[in-house]
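Quick caveat, the model's predicted, so the values are computed rather than measured.
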Amino acid sequence: MPDKQTILVVDDEQDLLDLIEYNLQKEGFNVLKAENGLEGIEMAREHNPDLMLLDIMMPKMDGLEVVEKIREDKEVSHIPIIFLTARGDEKTEVEGLDKGGDDYITKPISTTKLISRIKAVLRRFEKTETMTDKIEVHDIVIDKDRYIVSQGDDEYQLPRKEFELLYYLASRKGKVMDRQTLLNHVWGNNVYVVDRTVDVHIRKIREKIGKKYIETVKGVGYRFKE
């Protein structure tokens, strides 16, 4: 790892913060720590870390609110976010991933497994950075450098998952992509996400850019129109 990557850990349990910091530093990462959601947002904006590790149940602002704020801010919306939380119910997990989380881990977890999941998410995002920065198709421009979709004089700042889903489909226009393939690429194949998550994100994309670009192939998945 020639340049140290920086992980921002946001959790109100000081003992856990210290334990994670110690183990991440042993793996060669720089570590930043925040003890509540508001502080986590401020540090993300100030330091632009390579990844955020985020608790849900915290004072001042919970993790679900934090991820919404991060995804709405174009300066930091690109940061991968992993939830690390004691809340293991499926409803909260789906909500966290729908709001823009890139992975969801339930406490307790061994530090070895945690670091493995962190590295997996970082590898996934390193691969996406090598893709073409801009796609021009039909009357829209999908700019990966700015996470902006332009349509004539209009510009849309899509949440990260919506943008990546649109980008992935547009980069393979004309090809039918099944839901599982979309889930694996956008959310990662080690993250449990239900098929409905893809449908919800497609609906939100259509609400912003129009329905004519992404076609539904019944019983299979979706296709970006040629």
#### Entry: side-chain contact (heavy atoms from CB on, under 4.5 Å) between Thr216 and Ile202, worked out
CA-CA 10 Å; Thr216 301; Ile202 293 290; 5.7 Å; no
Are [Y] and [X] co-members of a hydrophobic cluster defined by side-chain heavy atoms under 4.5 Å apart?
{"X": "Ile135", "Y": "Ile148", "answer": "no"}
{"X": "Val137", "Y": "Val176", "answer": "no"}
{"X": "Met57", "Y": "Ile41", "answer": "yes"}
{"X": "Leu17", "Y": "Ile109", "answer": "yes"}
{"X": "Leu16", "Y": "Val9", "answer": "yes"}

### Message
If the threshold is 4.0 Å, N to carboxylate O, is there a salt bridge linking Arg206 and Asp199?
### Response
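Not counted as a salt bridge, because no side-chain N and carboxylate O are separated by less than 4.0 Å.
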### Query
Taking 4.0 angstrom as the limit, do Asp102 and Lys161 come out as a salt bridge?
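Judged by the 4.0 Å cut-off on N to carboxylate O distance, Asp102 and Lys161 do form a salt bridge.
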May I ask you to test the [X]-[Y] pair for a side-chain heavy-atom distance under 4.5 Å?
{"X": "Val94", "Y": "Arg196", "value": "yes"}
{"X": "Phe83", "Y": "Leu64", "value": "yes"}
{"X": "Arg117", "Y": "Val121", "value": "no"}
{"X": "Tyr222", "Y": "Ile205", "value": "no"}
{"X": "Asp11", "Y": "Ile20", "value": "no"}
{"X": "His185", "Y": "Met177", "value": "no"}
{"X": "Leu114", "Y": "Leu53", "value": "yes"}
{"X": "Tyr213", "Y": "Asp139", "value": "yes"}

Return the [atom1] to [atom2] distance between [X] and [Y], rounded to the nearest 0.5 Å.
{"X": "Asn23", "Y": "Ile115", "atom1": "CG", "atom2": "CD1", "answer": "5.0 Å"}
{"X": "Leu169", "Y": "Glu164", "atom1": "CG", "atom2": "CD", "answer": "12.0 Å"}
{"X": "Glu21", "Y": "Leu32", "atom1": "CD", "atom2": "CG", "answer": "9.0 Å"}
{"X": "Ile82", "Y": "Asp103", "atom1": "CD1", "atom2": "CG", "answer": "5.0 Å"}
{"X": "Ile214", "Y": "Lys212", "atom1": "CD1", "atom2": "NZ", "answer": "13.0 Å"}
{"X": "Ile105", "Y": "Leu54", "atom1": "CD1", "atom2": "CG", "answer": "11.5 Å"}

### Query
Between Phe224 and His138, what is the ring plane arrangement, given parallel below 30°, perpendicular above 60°, and tilted in between?
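It falls in the parallel class, under 30°.
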#### Entry: Option passing salt bridge (Lys or Arg N to Asp or Glu O under 4.0 Å) with Lys99 (candidates Glu68, Glu93, Glu72)
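When Glu68, Glu93, Glu72 are each tested with Lys99, the salt bridge (Lys or Arg N to Asp or Glu O under 4.0 Å) holds only for Glu68.
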### Task
Output, in order, the C-alpha distance, side-chain angles, deciding distance and verdict of side-chain contact (heavy atoms from CB on, under 4.5 Å) for Val31 and Tyr22.
CA-CA 9 Å; Val31 180; Tyr22 172 75; over 6 Å; no
Indicate the atoms forming the closest heavy-atom contact of [X] with [Y], along with that distance.
{"X": "Val76", "Y": "Ala44", "value": "CG1-O, 3.5 Å"}
{"X": "Met43", "Y": "Ala34", "value": "SD-CB, 3.8 Å"}
{"X": "Gln157", "Y": "Ser77", "value": "NE2-OG, 3.9 Å"}

Does [X] [atom1] have over 12 foreign heavy atoms under 6.0 Å away?
{"X": "Lys33", "atom1": "NZ", "result": "yes"}
{"X": "Lys208", "atom1": "NZ", "result": "yes"}
{"X": "Lys107", "atom1": "NZ", "result": "yes"}

### Task
Just do the side-chain contact (heavy atoms from CB on, under 4.5 Å) check on Asn36 and Asp12 with the steps written out, would you?
CA-CA 6 Å; Asn36 62 69; Asp12 61 338; over 6 Å; no
[X] side chain vs [Y] backbone, donor-acceptor pair below 3.5 Å:
{"X": "Lys134", "Y": "Val141", "value": "no"}
{"X": "Glu39", "Y": "Glu35", "value": "yes"}
{"X": "Gln151", "Y": "Ile209", "value": "yes"}

### Pairs involving residues 217-226, ordered by first then second residue, that meet salt bridge (Lys or Arg N to Asp or Glu O under 4.0 Å) (sequence neighbours left out)
Glu215-Arg223
#### Entry: Tyr156 and Glu162: CA distance, side-chain angles, deciding distance, side chain to side chain donor-acceptor pair (under 3.5 Å) verdict
CA-CA 11 Å; Tyr156 307 96; Glu162 291 176 32; over 6 Å; no
### Task
Take Asp18 and Gln14, measure what side chain to side chain donor-acceptor pair (under 3.5 Å) needs, and give me the verdict at the end.
CA-CA 6 Å; Asp18 292 342; Gln14 187 61 52; 2.9 Å; yes
### Task
Given salt bridge (Lys or Arg N to Asp or Glu O under 4.0 Å), test Arg203 with Glu207 step by step and report yes or no.
CA-CA 6 Å; Arg203 176 175 56 79; Glu207 288 172 356; 3.1 Å; yes
#### Entry: Qualifying side-chain hydrogen bond (donor to acceptor under 3.5 Å, both in side chains) pairs, either residue in residues 47-64, two or more places apart
Asn48-His78
### Message
Checking side-chain polar atoms at under 3.5 Å, does Arg172 have a donor or acceptor matched by the opposite partner on Thr181?
### Response
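No, no side-chain donor-acceptor contact under 3.5 Å.
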### Task
Given side-chain contact (heavy atoms from CB on, under 4.5 Å), test Ile81 with Arg71 step by step and report yes or no.
CA-CA 10 Å; Ile81 296 176; Arg71 295 302 179 228; 3.6 Å; yes
